[in-house]
Amino acid sequence: MRILQEEDREEILRYVRKEPEMNLFLIGDLENYGVESKTVNFYLHEEKDRWDFLILRFHQFFILYSQYEDYNAEKAIDFLKRQKPDCISGKKALLEKIAAAFPQWKIDSTYMSRCDAVGSDAENGQEESEGLVVRPLEKEDVPEAVDILSAIEEFAKTFKREEREEQIRRMEEEMTQGSKRAVGGFSEGRMVSVASTSAENSESAMVVGVATVPECRGKGYASAVVRALCLDCFRRGKKYLCLFYDNPAAGRIYNRIGFQELGEYGMLR
């Protein structure tokens with residue numbers, strides 16, 4: 001494995017832009033943190049006169065990408081085991097080739113979708129969320145947003161209650177750096193729904209952390225905050241947005257906003 005340097009930046013981008021949606025986190029981290037730092041490193045395995053696969057380290061989270069389904073999975077396994085990762089993510093088809101080497105984990109699979117514009121119905125439709133005040137979140141709103149996310153089961157692996165202060169610090173830092181923006185929905189002054197971006201880069205962003213407190217679900221609040229967040233991103237010049245979902249009901253909501261499914265993405269953890 002070769003650790004890549006700043007002079008490799010353009011080659012990295014050429015390699016991953018074959019599938020920019022699947023590599024949105026990777027592109028975002030490259031733009032926000034550089035090719036090598038305490039936070040991020042890029043590693044390359046070359047074989048058969050080609051870039052066989054690429055691995056990004058973000059803290060102890062790793063992203064695996066290859067343009068080839070016949071990449072050398074054994075080499076990837078050997079490298080990743082020595083890194084002691086907390087999580088490995090990437091296209092599901094690539095992760096399936098290394099999953100057996102991590103028997104303590106399983107692949108959490110989600111559908112990757114892309115939005116190039118907010119649909120006119122979604123842009124104008126407010127009838128389902130009457131009484132909801134939707135606005136961008138400020139730094140002082142972060143603790144309340146983290147508390148909403150940490151109380152929801154599907155985010156429990158990421159937003160752990162015992163790590164609340166660190167989660168707040170990291171979210172505030174990302175918002176200050178401009179790699180994350182968040183929108184909240186407020187009912188009677190209380191935050192009841194939230195959505196944010198991650199891995200923002202010059203062309204795109206990932207919509208993440210979409211959540212509504214349980215007692216306020218079914219009122220269109222999630223649609224309202226995601227719609228507002230998407231409109232803000234496009235106003236700021238983003239060319240496209242990506243989003244994960246893992247159930248048909250969520251998929252229908254996002255389809256109405258303008259997202260279309262591309263394929264399966266996985267997290268091995």
(message) Would Leu54 and His45 count as a side-chain contact (heavy atoms from CB on, under 4.5 Å) here? Give the steps.
(response) CA-CA 7 Å; Leu54 188 69; His45 175 67; over 6 Å; no
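- A heavy-atom distance below 4.5 Å is not found between the side chains of Phe58 and Cys87.
- Between atom CD of residue Glu47 and atom OG of residue Ser66 there is a gap of 10.0 Å, rounded to the nearest 0.5 Å.
- Residues Tyr43 and Phe79 place their aromatic rings such that the two centres sit under 6.0 Å apart.
- Ion pairing of Arg181 with Glu200 is present here, as a side-chain N (NZ or NE/NH1/NH2) and a carboxylate O approach within less than 4.0 Å.
- The closest side-chain donor-acceptor pair between Ser150 and Gln167, if any, does not fall under 3.5 angstrom.
- For the pair Glu144 (side chain) and Met191 (backbone), a donor-acceptor distance under 3.5 Å is present.
- Phe186 contributes atom CZ, which lies 9.0 Å from atom CG of Leu132 (distance to the nearest 0.5 angstrom).
- Using a cut-off of 4.0 Å between Lys/Arg side-chain N and Asp/Glu carboxylate O, Arg14 and Glu11 are scored as salt-bridged.
- Between Arg169 and Glu173 there is a salt bridge, with a side-chain nitrogen of the basic residue lying less than 4.0 Å from a carboxylate oxygen of the acidic one.
- For the side chain to side chain donor-acceptor pair (under 3.5 Å) with Asn41, the qualifying choice from Gln83, Glu36, Arg57 is Arg57, the only one to do so.
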(request) Please assess Phe42 against Ile3 for the test side-chain contact (heavy atoms from CB on, under 4.5 Å), listing each intermediate value before the final yes or no. (result) CA-CA 6 Å; Phe42 286 81; Ile3 188 167; over 6 Å; no
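- Put simply, the side chain of Glu264 never gets that close to the backbone of Ala93: no donor and acceptor are under 3.5 Å apart.
- Under the 3.5 Å distance criterion, the side-chain polar atoms of Lys81 are matched with a main-chain donor or acceptor of Ala101.
- Ring centroids of Tyr265 and Phe244 are separated by less than 6.0 Å, placing the two rings close together.
- Here the closest non-hydrogen pair linking Ile257 and Ser223 is CD1-O, 4.0 Å.
- For Glu188, the CD atom counts as loosely surrounded, since its 6.0 Å shell holds 12 or fewer non-hydrogen atoms of other residues, nucleotides or ligands.
- Criterion: ILVMFWY side-chain heavy atoms under 4.5 Å apart, direct or through other members. Under it, Met267 and Met112 are not part of a common hydrophobic cluster.
- Put simply, Tyr111 and Leu95 are part of two different groups of oily side chains (I, L, V, M, F, W, Y) that touch within less than 4.5 Å, one to the next.
- Side-chain atoms of Tyr15 come within 3.5 Å of backbone N or O of Gln67 as a donor-acceptor pair.
- Minimum heavy-atom separation, Ser198 to Leu24: O-CD2, 4.1 Å.
- Here the CG atom belonging to Leu229 is positioned 7.5 Å from the CG atom belonging to Leu241, to the nearest 0.5 angstrom.
- Under the 4.5 Å side-chain criterion, counting only non-hydrogen atoms from C-beta, Glu31 is in contact with Ser202.
- In terms of modelled atom types and a separation under 3.5 Å, the side chain of Asp52 and the main chain of Asn72 share a donor-acceptor contact.
- Side-chain contact between Ile168 and Glu166 is absent, with no heavy-atom pair separated by less than 4.5 Å.
- Residues Asp86 and Trp105 share a closest heavy-atom pair of O-CZ2, 3.7 Å.
- Taking the centre of each ring, Phe259 and Tyr245 stay at or above the 6.0 Å mark.
- Follow the hydrophobic side-chain contacts under 4.5 Å out from Leu243 and you never reach Val208; the two are in separate clusters.
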(message) Applying side-chain contact (heavy atoms from CB on, under 4.5 Å) to Tyr221 and Val134, what does each step give before you reach the verdict?
(response) CA-CA 9 Å; Tyr221 292 172; Val134 179; over 6 Å; no
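- Here the side chain of Tyr71 pairs a donor or acceptor atom with the backbone of Leu94 at under 3.5 angstrom.
- At least one side-chain heavy atom of Ile107 sits under 4.5 Å from a side-chain heavy atom of Glu96.
- Distance alone, capped at 3.5 Å, places no donor-acceptor pair between the Lys38 side chain and the His59 backbone.
- A distance of 8.5 Å separates CE in Met175 from NZ in Lys180, rounded to the nearest 0.5 Å.
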(request) Using the side-chain contact (heavy atoms from CB on, under 4.5 Å) rule, take Tyr254 and Val210 through it: C-alpha gap first, then chi angles, then the decisive distance, then the call. (result) CA-CA 11 Å; Tyr254 300 135; Val210 181; 3.6 Å; yes
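- Taking every heavy atom of both residues into account, Val192 and Cys216 meet most closely at CG1-SG, 3.9 Å.
- Counting heavy atoms from C-beta on, the side chains of Cys233 and Thr197 come closer than 4.5 Å.
- Distance check: Thr39 OG1 to Asn32 CG gives 10.5 Å after rounding to the nearest 0.5 Å.
- Counting heavy atoms from C-beta on, the side chains of Asp147 and Arg164 come closer than 4.5 Å.
- Rounded to the nearest 0.5 Å, atoms CZ (Phe53) and NZ (Lys75) are 8.5 Å apart.
- Residues Leu56 and Asp29 meet the side-chain proximity criterion, which asks for heavy atoms closer than 4.5 Å.
- Contact check on Arg50 versus Glu46 returns no salt bridge, with no Lys/Arg side-chain nitrogen under 4.0 Å from an Asp/Glu carboxylate oxygen.
- A donor-acceptor pair under 3.5 Å is formed between the side chain of Asp141 and the backbone N or O of Glu138.
- Between the side chain of Asp8 and the main chain of Leu4, no donor-acceptor pair closer than 3.5 Å is present.
- A continuous path of hydrophobic side-chain contacts links Leu26 to Tyr240 [ILVMFWY only; heavy atoms under 4.5 Å].
- Closest approach of Phe234 and Cys115 over heavy atoms only: CZ-O, 3.5 Å.
- When all heavy atoms of Ser196 and Ala182 are compared, the closest pair comes out as CB-CB, 3.7 Å.
- Salt bridge annotation for Arg269-Asp108: present, with a cationic side-chain nitrogen under 4.0 angstrom from a carboxylate oxygen.
- Between Leu137 and Val194, the closest side-chain pair of non-hydrogen atoms falls below 4.5 Å.
- Met206 and Val226 fall into different hydrophobic clusters, where Ile, Leu, Val, Met, Phe, Trp and Tyr are joined by side-chain heavy atoms under 4.5 Å apart, directly or via other members.
- A salt bridge is absent between Lys238 and Glu203: the closest approach of a Lys/Arg side-chain nitrogen to an acidic carboxylate oxygen does not fall below 4.0 angstrom.
- In this structure, Asn23 contributes its side chain and Glu19 its backbone to a donor-acceptor pair below 3.5 Å.
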